[in-house]
Amino acid sequence: AQSVTQPDIHITVSEGASLELRCNYSYGATPYLFWYVQSPGQGLQLLLKYFSGDTLVQGIKGFEAEFKRSQSSFNLRKPSVHWSDAAEYFCAVVPASNRDDKIIFGKGTRLHILP
Amino acid sequence: DTGVSQNPRHKITKRGQNVTFRCDPISEHNRLYWYRQTLGQGPEFLTYFQNEAQLEKSRLLSDRFSAERPKGSFSTLEIQRTEQGDSAMYLCASSLGPEQYFGPGTRLTVT
């Protein structure tokens, strides 16, 4: 079945430590790939996107993500987290066959930051 | 501010009442989407408009839900005879292509 999987429901890291949030998708052709962040009670903010080309994409707030076709993955990374990064992160895809660009979201990973 | 706006931000209603939410998209965006997000879950697609035409509705959208986008500008989402299971965050997004811009959402609580 077509799906977006974020295997970690919660992740806790210390401030200043590096971060990697995992995302895997199962679609036939490479979809459009996104990472969104959501602070409590707020809407979604786009961190970065991959449509084609360079597989390492840079986003806002110092985040980057790497598309790996062989692993059907699009993991989000940040070299040094800040307390303000505590939020929920959603990996999302728009399947290549999806003419209306309807987004399919993963269930999210809640990031906690230790001082 | 030229982002997507939604009103109200919060709505508390009693079971059985009707509620209506409004979304104002980014002005030049021709596509408008509604999503629903329940606690601990990612947003789920409800429906989408291209200009004023409603082109797709999810099976999540029961007969009690209706959405409109008159004149291809703002959109409204109405829920009739609300049920406790309708309690959720309702998110609106707009776009010109695959990159969607989200509003702050309307939090609905049905008591």
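Values below: every heavy atom of this structure, side chains too, minus hydrogens, waters and symmetry copies. Throughout, protein chains are lettered first and strands after them, A, B, ... in sequence-line order, and every chain is numbered starting at 1.
Taking CD from A:Q42 and CZ from B:R107, the interatomic distance works out to 10.5 Å, rounded to the nearest 0.5 Å. Annotation: the span from B:Y48 atom OH to A:K102 atom NZ amounts to 10.0 Å, rounded to 0.5 Å. Rounded to the nearest 0.5 angstrom, B:Y101 OH and A:L46 CG are separated by 7.0 Å.
Counting heavy atoms from C-beta on, the side chains of A:Y36 and B:Q100 come closer than 4.5 Å.
Of all non-hydrogen atoms in A:F34 and B:E99, the two that sit nearest each other are CE2-CA, 4.1 Å. Of all the heavy atoms in B:G42 and A:F90, the pair that sits closest is CA-CE2, 3.3 Å. Pairing each heavy atom of A:L44 with each of B:F102, the nearest pair is O-CB, 3.5 Å.
Proximity to chain A is limited to the side chain of B:Q37, based on heavy atoms less than 4.5 angstrom apart. Only the side chain of A:Q38 comes within contact range of chain B, judged by heavy atoms closer than 4.5 Å. Contact of B:L55 with chain A is not made at all, since no heavy-atom distance falls under 4.5 Å. With a 4.5 Å cut-off on non-hydrogen atoms, B:Y35 touches chain A through its side chain but not through its backbone.
At most 12 heavy atoms of other shown residues, nucleotides or ligands fall within 6.0 angstrom of atom CD in B:E68. More than 12 non-hydrogen atoms from other residues, nucleotides or ligands lie less than 6.0 angstrom from CZ of A:F63. Other residues, nucleotides and ligands contribute more than 12 heavy atoms inside 6.0 Å of the CD1 atom of A:I60.
Under the rule for a side-chain contact (heavy atoms from CB on, under 4.5 Å), the partners of A:L56 that lie at least two apart in sequence or sit in another chain are A:D54, A:Q58, A:E64, A:E66, A:R77.
Contact annotation for residues 105-115 of chain A against chain B (heavy-atom separation below 4.5 Å, listed by residue number): A:F105, A:G106, A:K107.
Among the candidates B:G40, B:G105, B:P98, the residue making the largest number of heavy-atom pairs closer than 4.5 Å to chain A is B:P98.
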